[in-house]
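Below: the structure, in structure tokens.
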Amino acid sequence: MLDQLIADYATSERGLEIREVAGGYRFATKPEYHDAVRGFVKSLKPPLKLSLQALETLAVVAYKQPVTAPEVSEIRGVDSGGVLGSLMTRKLVATAGRKQVIGRPILYKTTRDFLLRFGLKDINELPSIEEFEKMAGEPGRAGGDPHGAPRTRVRKRPRTGEEPDRASG
């Protein structure tokens with residue numbers, strides 16, 4: 001019966017389809033209607049906004065899970081404990097037990113909410129590193145503008161304890 005419903009929605013003129021997501025099923029907009037629905041949804045509630053640090057940390061956890069906080073910090077090159085706490089609060093990351101090494105650090109993994117929020121059936125649907133690099137190289141992706149120019153970051157004032165940047169010449 002479910003297969004029949006999936007087939008009916010896939011072949012009809014309806015704007016919805018049934019997708020397998022996170023071990024269950026979900027109604028989803030057909031790709032050709034994404035722009036219309038996106039415009040409507042943007043007017044409803046603020047989207048999930050994650051900082052660059054949170055996205056980096058979430059990506060490390062998603063690809064390396066189960067992973068410890070020190071492992072995440074080593075990969076990122078900065079302490080990630082606070083960011084992991086924030087991701088846990090948002091229910092995108094959860095604990096996955098303890099690693100059987102000295103000190104028994106906590107292991108982290110992504111959650112079902114992560115799969116639902118990103119529309120994934122399971123963690124195997126994450127793009128491979130090669131696919132991700134290809135997407136990041138496309139115009140309008142990975143933080144660039146739609147014309148392919150990279151986003152620049154301008155610091156307006158020095159951080160506490162730093163000297164202001166002096167232009168030479």
Atom of [X], atom of [Y] and distance for their closest heavy-atom approach:
X: Ala22; Y: Arg112; answer: O-NE, 3.6 Å
X: Thr68; Y: Pro105; answer: CG2-CG, 3.7 Å
X: His34; Y: Thr29; answer: NE2-O, 3.2 Å
X: Tyr33; Y: Arg14; answer: CE1-O, 4.0 Å

Keeping [X] on the side-chain end and [Y] on the backbone end, is there a donor-acceptor pair under 3.5 Å?
X: Glu131; Y: Ser128; result: yes
X: Ser80; Y: Thr57; result: no
X: Glu17; Y: Phe27; result: no
X: Thr95; Y: Gly97; result: no
X: Lys109; Y: Ala94; result: no

Flag yes if [X] and [Y] sit in one hydrophobic cluster, no otherwise; membership is Ile, Leu, Val, Met, Phe, Trp, Tyr, and two members link when side-chain heavy atoms are under 4.5 Å apart.
X: Ile123; Y: Leu116; answer: no
X: Leu84; Y: Leu55; answer: yes
X: Tyr9; Y: Leu2; answer: yes
X: Leu16; Y: Val21; answer: no
X: Val78; Y: Val72; answer: no

Find out whether [X] and [Y] are in side-chain contact, i.e. whether some heavy atom of one side chain is under 4.5 Å from a heavy atom of the other.
X: Ile6; Y: Tyr25; value: yes
X: Gln53; Y: Arg76; value: yes
X: Lys64; Y: Ile75; value: yes
X: Leu107; Y: Arg98; value: no
X: Leu58; Y: Leu50; value: yes
X: Leu87; Y: Phe114; value: no

Next on the checklist: Under the criterion side-chain contact (heavy atoms from CB on, under 4.5 Å), I'd like the reasoning laid out for Lys121 against Leu115: C-alpha separation, chi angles, the key distance, then a yes or no.
Outcome noted: CA-CA 7 Å; Lys121 177 179 172 182; Leu115 295 174; over 6 Å; no
Item to check | NZ/NE/NH1/NH2 to OD/OE distance under 4.0 Å, Glu71 and Lys99 | outcome: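 Salt bridge flag = yes for Lys99 with Glu71.
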